[in-house]
Each structure stands twice: as structure tokens, then as C-alpha cells.
Amino acid sequence: MSAASSPMLLVGVGTAGSRIAHGVSRAFGGDLRLLAVDTDAASGQDEENFLLIGGNRLSGRGAGGDVVAARLAAEDSISALDGKLEGVRLAVVVTALGGGTGGGATIEILKRLTDLGIHSIVFATTPFAFEGEDRMRSARGVMSMVEEAASAAFFLPLDKLVGGEDNMEAAMKRAVDTIAGGVTLFWRLVEKPGYIRLDADRIRRLVANAGRGRFAFVTVQGPDRASEAVDRLVRSEMLAIASAPVNAILCGVLAGEDLRLSELGRVADGIREAFGEQIPFEIGTVNDEATFCGRLSVVVMLFESAAAVETPQQGQAGARRRGAAKSPLGPGQGSARRFHKTEPTIWHGEDLDLPTYLRRNINLDL
Ligand SMILES: Nc1nc2c(ncn2[C@@H]2O[C@H](COP(=O)(O)OP(=O)(O)O)[C@@H](O)[C@H]2O)c(=O)[nH]1
Ligand SMILES: [Mg+2]
């Protein structure tokens, strides 16, 4: 299938988000349907795969850290976005919170995707501590909105993702490469399945109402690579960032022709043992000798919402009814309660931890 007609679209939002998306495209090395969306004209590497938003408002010079300006810019340009979404059924959105565009425009884009019945998986970085409290506050201010607007959201703290000592430029570059590597593994898992298939439809059903999740991946070599992969994942800080218990697990095992059944078993058993043996577990493989040749990569996604486990019939409606249906806490309370252990996110006088439909008293047809 050519990239242009793929039902899966990679969307990079903001300057860093666009950079990450291009990194994924390079790492994937093949046809990958991509769209970079930014308020800054400098992010446009090629016209066909770029959408400049808020041109009238911001003159292509970026949002200057203003989340609200970026949201308005995205709203202005929503019909241009529609033009880029033909045939798309699953969007993977990469973005970096802490600036203006990544934080603001992402929310509007996600809402539009949902309105069109397109499921969305978001990978959003949160800033390094060295970037300062303002950027961290800006990121925290939008996280719950991003979570609410997406089908599934993975927040990746840059400090935990790439660790400390680098200078800023090196750290940023490493972060781009690392995230691009992880998203590429996920992309391969869906687009190039091996013995065990995890195709876009199954993924879509799994993420339909998944809410917040945790994401980690490792690549290892050597005779004990399966055990080592499990060990490293179980100890991974990225999988330790919990906001709620795990309710479903998705695991991808990517390797060359030398992938043994016993290795698959070791990975599956190890991950289930560590994160929950009683909860739904999906595994998929990719067998690609040219790419992996001797290496073994394992991707783990832990979903924290009970709604992550959807039946096929529920999948279609899921994109439009997120947050409302199938809450373990009863209708209308799921998202609000998810944050009960955290400080409330008050932004412009609104408690953003409450879903929009509760804040605005909108009645849902439950
Ligand atoms: N991974 C990565 N993150 C970056 C890079 N540049 C900036 N960031 C992060 O992205 C956040 C948003 O910055 P930026 O993309 O410039 O803002 P935006 O264009 O307004 O969305 C920053 O707070 C950083 O945490 C980069 O080159 N790589
Ligand atoms: Mg920018």
C-alpha cells in the first residue's frame, strides 16, 4: 500500500513535534504517511506534507509560547486539516508540550480527529527540568486536555526518557532520536506484522477509549536477549509513571528471522508477570531480517483505563464517546476521578481535570 492511501497517518505538531515526526519517517525508511503541522513556517520540509496553521494570525513565525494563540491558529485552519485526512482511520500524533504550538494546536487537532471518527494515539513529551518551571507549568496545564481529547495518550518525560548529563542541544537531539525510534517500532508493528498480527483495526479497537498509558521500548542483542529485554522493561522508569492501575497490556516483539518461539514466550510471560497476569494482553510480532538482524526490540504499552478493552462493535462509536462510556466508576465520572490523587489543574478558572462535557454541563446520551 502506498503511503498516500494508508489508513494510518503520523502527525507532528509544533516545532519539536514536527522534528520528531520527520525523525520517525527517516528511521522507518519507507513509505510513511506524514503531516507536520506548525505555526512556524520553518518546520515545512516539503509542501505536500506540511500544514502551516494560523498564517493570518501569526504570520508563520510561531506561537511564541502562547498555547491559546496556537489553539486559535489551529481552529482557523481546521478545514485545511480536513483536506489532509482523507481515508485516515488512525492518527499517531507526536508533540512536545512546554511551548505554544505543541500544547495548544494538538488539542484542537485531536478534537477534530475525534469529530471525524478518527482514533488518535498521542505521544507527547514533557519538558526537561532544566527548561524551567514555566515550561513545565505550561505542559501540565494541557496534559489533561490532551488526554481527554485523544483516544490514547502517552506522556514521555524527557528527563526520564534520555537522562541527565548532556548539554541541552545534545539532550534534545537524543530525545528526538529516542522517541522517533520508539514510534517507529510501534509503526512497524502495525504496518509490517509478522507471525502474530496486530493490525490497525485491532490497535484501533484497543486504543478506542484507552485514556492515559505508559510506553517503553528496548533493543537488545545476545543469547539472553529476551530475558534482558524483560529485565530492562520491568525496571524502566517510563513504565513506573503510574496515574492509575494497569488495565490492559499491548506488547510488540520485533526481530529478524532468528526470533525463537521460546523468546516470545519469555517476553510475554515476563511482562504479564510484572504488570498483571489477569488483565487483557495483546501481543504482536514483526519479523524483518533487514532491519533487526540479530537484534530484538520489545515495545510495551500499558493502558490505565478499563475502557481500553473494547469489543469490535464498540470500536466505531468509541472515538466519539470517549470518557463517557464504560467507566469503571459509573457513567460520567471516569475522567474526573482519574485525577483524584493529583493536584487539580486550574487553567483560566476552569478545573481541567474535569472532562469538557462535565465542565460545560453537556448531556451525553449514555
Ligand atoms: N525532543 C525534542 N524536544 C524539543 C526540541 N526542541 C524543543 N523541544 C521540547 O519541546 C518543547 C516545545 O518546544 P517547541 O517545539 O519549540 O515549541 P512549539 O513549536 O511552540 O510547540 C520544549 O519545551 C522542549 O521540551 C527538540 O529539538 N527535540
Ligand atoms: Mg515552534
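Whatever order the structure lists them in is the order used to number ligands and atoms, beginning at 1. These values consider heavy atoms only, across backbone and side chains, with no hydrogens, waters or symmetry-generated copies. Keep in mind that what you see is a predicted model, and the values were worked out from it rather than measured.
- For the atom pair CE (Met8) and CZ (Arg33), the distance works out to 11.5 Å, reported to the nearest 0.5 Å.
- Between Leu113 and Val93, some side-chain heavy-atom pair lies under the 4.5 Å cut-off.
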Please tabulate, one line per pair, the protein N or O atoms found under 3.5 Å from any N or O atom of ligand 1, giving the distance to one decimal.
residue: ligand 1; atom: 15 (O); partner: Ala16; partner atom: N; Å: 2.8
residue: ligand 1; atom: 19 (O); partner: Thr15; partner atom: N; Å: 2.9
residue: ligand 1; atom: 19 (O); partner: Thr15; partner atom: OG1; Å: 2.9
residue: ligand 1; atom: 20 (O); partner: Gly100; partner atom: N; Å: 2.9
residue: ligand 1; atom: 20 (O); partner: Thr101; partner atom: N; Å: 2.9
residue: ligand 1; atom: 21 (O); partner: Thr101; partner atom: N; Å: 3.4
residue: ligand 1; atom: 21 (O); partner: Gly102; partner atom: N; Å: 2.7
residue: ligand 1; atom: 23 (O); partner: Glu131; partner atom: OE1; Å: 2.5
residue: ligand 1; atom: 23 (O); partner: Arg135; partner atom: NH1; Å: 2.7
residue: ligand 1; atom: 25 (O); partner: Glu131; partner atom: OE1; Å: 3.1
residue: ligand 1; atom: 25 (O); partner: Glu131; partner atom: OE2; Å: 2.5
residue: ligand 1; atom: 27 (O); partner: Arg19; partner atom: NH1; Å: 2.4
residue: ligand 1; atom: 28 (N); partner: Met172; partner atom: O; Å: 3.3

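- In this pair, Trp187 and Phe28 present their aromatic rings perpendicular. The plane angle is above 60°, beyond the 30 to 60° band.
- Distance check for Thr101 against the Mg ion (ligand 2): none of its N/O/S atoms falls below 2.8 Å.
- Taking CG from Leu110 and OG from Ser151, the interatomic distance works out to 8.5 Å, rounded to the nearest 0.5 Å.
- Relative orientation of the Phe217 and Phe215 rings is tilted, given thresholds of 30° and 60° on the angle between their planes.
- Among all heavy-atom pairs drawn from Ser18 and Gly12, the shortest one is OG-O, 3.7 Å.
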